[in-house]
Asker: 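Attaching a single structure in structure tokens format; questions to follow.
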Number of protein chains: 2
Amino acid sequence: MAVSQSPRWRRRKEERPAEIVAAALAVFAEKGFAAARVEDIAARAGVSKGAVYLYFADKQALFRAVVAEVAPNLERIEALAAQHQGDFPGLVRALLPQLARTAGESRLGAVAKVVIGESRNFPELARIWHDALVSRALTLAAGLIARAQARGEVRDGDPRAYAFGLVAPLVMGLIWRETFTPVGAEPFDLLALARQHAETALEGMLKRRAA
Amino acid sequence: MAVSQSPRWRRRKEERPAEIVAAALAVFAEKGFAAARVEDIAARAGVSKGAVYLYFADKQALFRAVVAEVAPNLERIEALAAQHQGDFPGLVRALLPQLARTAGESRLGAVAKVVIGESRNFPELARIWHDALVSRALTLAAGLIARAQARGEVRDGDPRAYAFGLVAPLVMGLIWRETFTPVGAEPFDLLALARQHAETALEGMLKRRAA
DNA sequence: CTAAAGTAACTGACCGGTCATTTATTAGCA
DNA sequence: TGCTAATAAATGACCGGTCAGTTACTTTAG
């Protein structure tokens, strides 16, 4: 007999880590850090639990890899901001919707939710997330605003607070989507929110034009 | 001999529940729902683990009690809004800082963080929180805005989106305080944020006065 | 044939919830 | 007033289940 059985599994040293990280992202997003079972992550990656530990030292290392996977999405935004030529309103009108789109596509919001929820138990994760993403994004925005103030486009006021006011509704919308929409709350159209908020915020921040 | 020993414990049926809820609030805020140990809550309340189960059916019931404990803080705000006479700007200038103060004093932010973090595992909690607090607050704000629009004070636009833009920075600030400040991020002055944001948001939302 | 990729059974710790037992308090009675 | 029985508050040892991480073994592939 012995019809050449297809092997029960294959050795795929190269692609395993990425597959495991993708699976981990999904399971962490769904369950949070503590409640995510390594065995479920392994199963979703089509691998046994033991195999996960061939590539990652422990569960936290796995989560760090997930954060590293999601973080680069910010860079698209940073690039966009850096090469922008026009005035402040044009920048905001381009950036906010782009941010809404990027965040909507990636699982950024889901990971953010996990970080927020587990920050006290795993401060290390909160620090990584803060340094790699949140702080950078806020500094970027505050810098753009300060420059616009220097050019006389934007009113006086704490640039960090302005930056907060600019992005918080979007972040809030993301968290809303991850937290309340699944339990039956009315969903938000992130993109529409971003567009209306961009206009409102600009109206609030810009100096009145000389008539 | 028998020098009257002070008893090892006392029977205090009346005050136990409140004490246990207070302890639970602290421990949940610090650890999240899943990672909070009932035994730690009991210890902090000065009671054995078994005693907790004399007053609460299970861990979730305990969390529901915590939510019920924190929720009424919103009612002060609602009352303030209901009895307000003046115009929309006055209302916003009163409400936002008051919200910042109330939220700052109570452990509202801490509980919110827990709800966000565990919403997928305990959707029941998310639903309770949404119905008892978030939805009510948002509906309240949207209603006030819609009325101001009807009076011609506020520009056209989705009232819910405006409401989001109005409160999101504060909520974000709360979450920031609970999540990133403990790991060394620069803290925010919530009250100052509320004040500056109130002015900016008003400038953005109000119709231009006829000159 | 050998190295390393992968498996699966196993271990040890942890924790929510239970329950038989102990102890404070109250009521009843002389 | 002092003694005792009855009651219910509170304890803490324990059980059952879960799960991160380990390890002895099997399978693939050069």
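The sequence lines fix the lettering, A, B, ..., with proteins before strands; numbering per chain opens at 1.
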Asker: Evaluate the side chain to side chain contact (heavy atoms under 4.5 Å, CB included) criterion for residues B:E15 and B:R12: first the C-alpha distance (whole Å), next the side-chain angles of each, then the deciding distance (0.1 Å), finally the verdict.
Answerer: CA-CA 6 Å; B:E15 36 278 84; B:R12 290 167 56 240; 3.3 Å; yes
Asker: Looking only at heavy atoms, what is the nearest atom pair of B:V92 and B:P97, with distance?
Answerer: O-CD, 3.9 Å
Asker: Are side-chain N/O atoms of A:T102 and A:Q98 paired as donor and acceptor at under 3.5 Å?
Answerer: yes
Asker: Listed in order of residue number, which residues of residues 43-69 of chain A have a non-hydrogen atom at under 4.0 Å from DNA chain C?
Answerer: A:V47, A:S48, A:G50, A:A51, A:L54, A:Y55
Asker: May I ask you to say whether B:E203 pairs ionically with A:R155, meaning some side-chain N is under 4.0 Å from a carboxylate O?
Answerer: yes
Asker: Salt-bridged, A:E178 to A:R107, with N to O below 4.0 Å?
Answerer: yes
Asker: Ring of A:F188, cation from A:R177 - is the NZ or CZ under 6.0 Å from the centre and inside 45° of the axis?
Answerer: no
Asker: Specify the separation, in whole Å, of atom CZ of B:R8 and atom P of C:dT23.
Answerer: 5 Å
Asker: Go through residues 9-31 of chain B and report each residue with a non-hydrogen atom lying under 4.0 Å from DNA chain C, sorted by number.
Answerer: B:W9, B:R10, B:R11
Asker: Return yes if some donor-acceptor pair links the side-chain N/O of B:K49 with the main-chain N/O of B:D40 below 3.5 Å, else return no.
Answerer: no
Asker: Parallel, tilted or perpendicular for A:W176 and B:H130, by the 30°/60° rule?
Answerer: perpendicular
Asker: Please give, in whole Å, the distance from D:dT22 P to A:E39 CD?
Answerer: 15 Å
Asker: CD1 of A:I41 versus P of D:dC19: gap in Å, rounded?
Answerer: 12 Å
Asker: How is B:A36 classified with respect to the nucleic acid when contacts are heavy atoms under 4.0 Å: base, sugar-phosphate, or nothing?
Answerer: sugar-phosphate
